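Here the structure comes first, spelled out in structure tokens, and everything after it is commentary.
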2 protein chains.
Amino acid sequence: MTVTAIAYHRAMGRWEPNARGRLAQAAIRLYAEQGFERTTVAQIARQAGLTERTFFRHFADKREVLFYGTDLARELLARAVAEAPASAGPMDAVAAALHAAAAVFQENPERVRLRDAVVSANAELRERELIKLAAFASAIAGALRERGVPEPAAGLAAETGVAVLKTAFTRWIGEPDGPDLDHILRECLRDLSGMLADRLADQGSPG
Amino acid sequence: MTVTAIAYHRAMGRWEPNARGRLAQAAIRLYAEQGFERTTVAQIARQAGLTERTFFRHFADKREVLFYGTDLARELLARAVAEAPASAGPMDAVAAALHAAAAVFQENPERVRLRDAVVSANAELRERELIKLAAFASAIAGALRERGVPEPAAGLAAETGVAVLKTAFTRWIGEPDGPDLDHILRECLRDLSGMLADRLADQGSPG
DNA sequence: ATGCTGACGACAGTCACTGACATCAGGAGG
DNA sequence: CCTCCTGATGTCAGTGACTGTCGTCAGCAT
């Protein structure tokens with residue numbers, strides 16, 4: 001469930017045309033070919049015609065190079081929540097954001113799948129993915145609060161939304177010829193509503 | 001939201017009385033005193049009267065030492081789900097598990113808070129925490145499936161449950177003199193039900 | 001042309017983590 | 001009591017991620 005995969009594009013370096021991009025491209029290729037652990041930063045740098053030291057000037061660590069574009073995705077989610085119609089409830093606004101993210105994924109399914117394969121294959125990368133997802137939730141929660149949704153409802157809706165995104169994404173990746181992400185998302189949201197509504201019905205027997 | 005904090009106890013070493021425990025205790029103390037990053041594994045080992053090499057024989061890495069007992073917590077959650085009354089719906093079973101976990105946290109609030117402070121202060125430790133929480137979700141989902149709950153409902157209920165636990169835990173940590181975890185949990189579950197029930201009411205306007 | 005600024009290379013150093021081998025405590029069997 | 005065996009530990013050497021520092025060089029403004 002490497003849901004973080006999103007756009008790979010950015011400004012260029014000053015001398016070389018695009019240092020960051022070259023490093024990122026070299027990295028994902030090498031990670032995919034020989035595995036994350038068996039790839040050294042020196043290899044990536046050499047592949048991109050740069051030095052190891054320069055790699056670490058562009059990326060905080062060896063993992064971060066795979067999470068390029070995460071900032072953009074976070075902004076996208078927050079914006080979608082903010083731009084949801086005023087009449088929409090918290091969970092509707094979150095749903096809108098999830099569908100916006102889904103659209104980006106579906107723009108380039110092959111790259112998303114490649115990245116997912118690399119990230120899923122390594123525990124350290126899965127950890128980093130989770131942090132990014134938590135950042136998504138945090139951004140969504142912030143946007144909800146801007147809409148006047150109080151805590152803990154905002155945080156709860158955001159966390160739940162990300163949980164739904166993860167679940168739907170995993171399902172989508174799992175069946176390449178299955179329905180599209182939008183459809184799966186809607187289905188998951190409906191299932192969840194149902195479960196919780198059931199629970200609401202007979203209240204007060206929690207522990 | 002370092003929800004992973006749970007029991008610290010285990011078998012003893014053969015020569016020295018309790019190598020694992022001594023290492024864990026030294027580690028958390030040093031991490032709390034001088035920070036995680038400024039503490040070297042050699043320091044921890046020396047403090048415990050052992051060598052660096054031995055530290056890595058007991059813990060997979062420098063972070064893992066703070067996540068002692070996570071396995072027990074995972075089993076606790078799974079068992080609570082399994083032992084929920086047959087009449088309980090998926091979300092009720094999950095709620096029961098969350099309350100079981102809450103009970104363990106409340107057994108020793110000081111230690112939980114100390115650990116939370118250490119983990120929250122460091123990004124790498126927060127990453128590890130998220131992985132453990134994901135493992136919790138996975139265990140809960142498995143237990144739900146054993147109860148006959150189909151996918152994606154099982155995964156969804158599990159993820160949502162962990163999201164609720166995180167939210168409630170954060171709130172609990174945030175106000176030391178506030179209501180107890182059980183109470184906050186119940187409140188969060190109610191809020192979430194409400195939000196999703198509202199959304200269920202006017203269906204079909206997702207994105 | 002000259003100086004400034006920011007990106008890069010070169011180099012040395014720290015530390016997390018690993019593999020290989022020696023060693024030593026204690027229990028099982030004589 | 002002695003001996004073998006097993007498992008936990010110490011020792012040593014090595015890899016690789018990451019950092020600090022300094023020199024250098026391209027492009028820009030003056």
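Just so it is clear: chains get the letters A, B, ... in the order the sequence lines come, proteins before strands, and each one is counted from 1. The figures that follow rest on heavy atoms only: side chains count, while hydrogens, waters and symmetry mates do not. Keep in mind that what you see is a predicted model, and the values were worked out from it rather than measured.
From A/R46, atom CZ reaches atom CD of A/Q43 across 6.5 Å, with rounding to the nearest 0.5 Å.
Judged purely by atom type and a 3.5 angstrom limit, B/R171 has no side-chain atom pairing as donor or acceptor with the backbone of B/G178.
Considering only heavy atoms from C-beta on, B/R74 stays 4.5 Å or farther from B/K132 through its side chain.
The pair A/E129-A/R115 meets the salt-bridge criterion, since a charged nitrogen lies less than 4.0 angstrom from a carboxylate oxygen.
C/dC8 atom C1' lies 12 Å from atom CG of A/L23, rounded to whole Å. What separates CD1 of A/I44 from P of D/dG16 is a distance of 13 Å, to the nearest Å. To the nearest angstrom, P of D/dT11 lies 14 Å from CZ of B/R46.
No cation-pi contact links B/R63 to B/Y31, judged by a cut-off of 6.0 Å to the six-membered ring centre and 45° from its axis.
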Protein proximity profile, nucleotides 15-22 of chain C - base contact B, sugar-phosphate-only contact S, no contact -, cut-off 4.0 Å on heavy atoms: -SBBBB--
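For A/F59, the ring-ring contact (aromatic ring centres under 6.0 Å, His included) criterion is met by A/F55, A/Y68, not counting sequence neighbours.
Distances shorter than 4.0 Å separate some side-chain N or O of B/T54 from OP1 or OP2 on D/dG10. The side chain of A/H58 places no N or O atom within less than 4.0 Å of a non-bridging phosphate oxygen (OP1 or OP2) of C/dA7.
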